[in-house]
Amino acid sequence: MRSIASKSLLLILILALLGCTEKSEGRKSVLNDNASVAAEQSDFRNPIVEQRADPWVYLHSDGYYYFTGSVPEYDRIELCRAKTLSELGQAETADVWTKQESGPGSKHIWAPEIHFYKGKWYIYFAAAREDAPFDHRIYVLENDAAKPLEGTWIEKGQLKTNWESFSLDATTFEYNEVMYLVWAQKAFDIEGNSNLYIAELENPWTLKGQQTLLSKPDQPWERIGFKVNEGAAVIKNKDKVFITYSGSATDDNYAMGLLTASGSSNLLDPKSWTKSETPIFFSNPETGRYGPGHNSFTTTPDGKKDILIYHARPYKDIQGDPLFDANRHAWAQFFTWNDDGTPNLGRPGVEK
């Protein structure tokens, strides 16, 4: 009888354990449904890097992808590199710059970007002060080492714009042998938190001439929570130049818009640019990617396929200030081009 009772008890325990496992697997299945849908659409191991907002990827001539982004602590600039995008999340990192103890550059280090120009590396980033944590300015670092994870990063100081105000999200590009800067800045005579500006650069850390207003948050989708245009990225196709940018608060309302100019036009003339009235990339509940934005662009190593890099959260509901919710992950997906030459980014987690 004891043997039968023991066997019965053992059977009950096994069934109970199986039931718990099934329930656990069921919960995992529900949590992973959105990720599975997205994974079927991509060749990348997404997210490519977890908890890195404002992701910037640069494919260098040495065959490496260089990656940086805002770390959750907002206290340093971190770099890594890998031969594939999917390996970036496991790559060794280097802290190439750490915030100051006080004064300029001592608080909220945001949105670093790494660029290579005339044999040297440059990092553009925004930083505030301990006594003014949201009064950012743009700063530049320079490194002449072959490998930017090594060598010495020299502070070139603040990149001075035409007036002093909240400034961030600087990016550079070359076109027809001219180097340009595009960034976000507050204007005292325009309602809102930040607008997009463009100017020619005399050198990587100095503006040349006057800055031009490209876009202000005048569309309804750009004004939810905050009135924002920020996070610009530049891409060229055929005879056109495109600037993607982000608008609204950094929650699920965050989305991306598009500015377009003819390559033969004067890029410093605001009349050269047209603006999309609606966002071109926005939250996708079906794949569980919310608040996509602050993107960068890269390609496959052979240059044959274009890749969009962006941040998004895997959930909609956020407790507290979205800026301090660390789970803006970096994602990658292929994109294509429309017949009119404009980028077709698809939907977050669904490639075109």
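Relative orientation of the W337 and F242 rings is tilted, given thresholds of 30° and 60° on the angle between their planes.
More than 12 heavy atoms of other residues, nucleotides or ligands shown are found within 6.0 angstrom of CD on Q90. The number of heavy-atom neighbours closer than 6.0 Å to NZ of K120, taken from other residues, nucleotides and ligands shown, is 12 or below. Counting non-hydrogen atoms of other residues, nucleotides and ligands closer than 6.0 Å to NZ of K236 gives a total above 12. Sparse packing is recorded around CG of D339, with 12 or fewer heavy atoms of other residues, nucleotides or ligands lying under 6.0 Å away.
Proximity of a side-chain donor or acceptor of D169 to a complementary backbone N or O of E230 within less than 3.5 Å is not detected. Not one N or O on the side chain of R137 forms a donor-acceptor pair closer than 3.5 Å with the backbone of L168. The closest donor-acceptor contact from the side chain of N195 to the backbone of L214 lies at 3.5 Å or more, if one exists at all. S272 places a side-chain N or O within 3.5 Å of a backbone atom of N266 that can act as its donor or acceptor partner. With T212 contributing its side chain and P270 its backbone, the two residues share no donor-acceptor pair below 3.5 Å. Using modelled atom types, no side-chain atom of D95 and backbone atom of W97 make a donor-acceptor pair closer than 3.5 Å. W183 contributes no side-chain N or O that, together with a main-chain N or O of L181, makes up a donor-acceptor pair within less than 3.5 Å. A distance-only check finds no donor-acceptor pair linking the side chain of N229 to the backbone of L196 [under 3.5 Å]. Remark: the backbone N or O of N203 is not paired with any side-chain donor or acceptor of T206 at under 3.5 angstrom. Side chain of D340 to backbone of T342: a donor-acceptor contact under 3.5 angstrom is found.
In this structure, H294 has its ring center no closer than 6.0 Å to that of W110. Between W121 and Y66, a ring centre-to-centre spacing shorter than 6.0 Å is recorded.
A distance of 5.5 Å separates OG of S276 from CG of L258, quoted to the nearest 0.5 Å. Atom OG of S264 sits about 11.0 Å away from atom NZ of K240, to the nearest 0.5 Å. Considering OG of S167 and NZ of K186, their distance stands at 11.0 Å, rounded to 0.5 Å. Rounded to the nearest 0.5 angstrom, W205 CH2 and Y122 OH are separated by 5.0 Å. For the atom pair OG1 of T298 and CG of L59, the computed distance is 4.5 Å after rounding to the nearest 0.5 Å. Taking CZ from F188 and CD from E164, the interatomic distance works out to 8.5 Å, rounded to the nearest 0.5 Å.
Under the rule for a side chain to side chain contact (heavy atoms under 4.5 Å, CB included), the partners of P133 that lie at least two apart in sequence or sit in another chain are K107, H108. Residues forming a ring-ring contact (aromatic ring centres under 6.0 Å, His included) with F166 (at least two apart in sequence, or on another chain): H136. Take Y139 and apply the ring-ring contact (aromatic ring centres under 6.0 Å, His included) test, not counting sequence neighbours, and it matches F125. Residues meeting the side chain to side chain donor-acceptor pair (under 3.5 Å) test with T161, sequence neighbours left out: Q185. Not counting sequence neighbours, the partners of D131 by the side chain to side chain donor-acceptor pair (under 3.5 Å) test are R129. Taking the side chain to side chain donor-acceptor pair (under 3.5 Å) definition, one finds that E191 meets it with R223, sequence neighbours left out. Contacts of F173 classified as ring-ring contact (aromatic ring centres under 6.0 Å, His included), with partners at least two apart in sequence or in another chain: Y180. Applying the ring-ring contact (aromatic ring centres under 6.0 Å, His included) test to W56 and every residue at least two apart in sequence or in another chain returns H115.
When the options Y65, F67, F116 are evaluated for a side-chain contact (heavy atoms from CB on, under 4.5 Å) with Y58, the one that passes is F116. The only member of T172, L259, I198 that meets side-chain contact (heavy atoms from CB on, under 4.5 Å) when paired with V182 is I198.
Under the 4.5 Å side-chain criterion, counting only non-hydrogen atoms from C-beta, I309 is not in contact with N295. Looking only at side-chain heavy atoms (C-beta outward), P314 and H329 come within less than 4.5 Å of each other. The shortest distance between side-chain heavy atoms of T244 and I280 falls below 4.5 Å. Residues M256 and L345 are in side-chain contact: their nearest non-hydrogen atoms beyond the backbone lie under 4.5 Å apart. When side chains are defined from C-beta on, D75 does not count as touching T98, because their heavy atoms never get closer than 4.5 Å. Side chains of M179 and E200 form no contact here, defined as non-hydrogen atoms less than 4.5 Å apart. N162 has its side chain within reach of Q210: a pair of non-hydrogen atoms, C-beta onward, lies under 4.5 Å apart. Under the 4.5 Å side-chain criterion, counting only non-hydrogen atoms from C-beta, K275 is in contact with D218.
A salt bridge is absent between E222 and K216; no separation between the charged side-chain nitrogens and carboxylate oxygens falls under 4.0 Å. Comment: E174 does not engage K118 in a salt bridge, judged by the lack of any side-chain N to carboxylate O separation of less than 4.0 angstrom. The existence of a salt bridge linking R52 and E78 is confirmed by a sub-4.0 Å separation between a basic side-chain nitrogen and an acidic carboxylate oxygen.
Between T84 and S86, the side chains place no donor N or O within less than 3.5 Å of an acceptor N or O (distance only, hydrogens not considered). When only modelled atom types and interatomic distance are considered, S283 and D252 share no side-chain donor-acceptor pair under 3.5 Å. Of the N and O atoms on the side chains of S106 and E130, not one donor lies less than 3.5 Å from an acceptor on the other residue.
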### Message
Could you walk me through whether H311 and D54 satisfy the side chain to side chain contact (heavy atoms under 4.5 Å, CB included) test, starting with their C-alpha distance in whole Å, then the side-chain angles of each, then the deciding distance to 0.1 Å, before giving a yes or no?
### Response
CA-CA 6 Å; H311 75 226; D54 316 319; 3.5 Å; yes
### Query
Taking it one step at a time, do F334 and D43 satisfy side chain to side chain contact (heavy atoms under 4.5 Å, CB included)?
CA-CA 9 Å; F334 292 114; D43 292 342; 3.5 Å; yes
### Task
Give the C-alpha distance, both sets of side-chain angles, the deciding distance and a yes or no for side chain to side chain contact (heavy atoms under 4.5 Å, CB included) between E155 and L141.
CA-CA 5 Å; E155 296 180 5; L141 306 174; 3.8 Å; yes
### Message
I'd like to know whether T287 forms a side chain to side chain contact (heavy atoms under 4.5 Å, CB included) with W331, so could you lay out the CA-CA distance, the side-chain angles of the two residues, the decisive distance to 0.1 Å, and finally the verdict.
### Response
CA-CA 12 Å; T287 56; W331 310 79; over 6 Å; no
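Residue L149 is grouped with residue I109 when hydrophobic side chains (ILVMFWY) are merged at heavy-atom distances under 4.5 angstrom, including chains of intermediate members.
I318 shares a hydrophobic cluster with Y315; the chain of contacts runs through ILVMFWY side chains whose heavy atoms sit under 4.5 Å apart. If you chain together ILVMFWY residues whose side-chain heavy atoms come under 4.5 Å of each other, F226 ends up grouped with V228.
Applying the ring pair (Phe, Tyr, Trp, His ring centres under 6.0 Å) test to pairs two or more places apart or on separate chains, those with a residue in residues 265-289 are F281-Y310. Residue pairs meeting the salt bridge (charged side-chain N to carboxylate O under 4.0 Å, His left out) criterion with at least one partner in residues 79-91, sequence neighbours excluded, are D62-R81.
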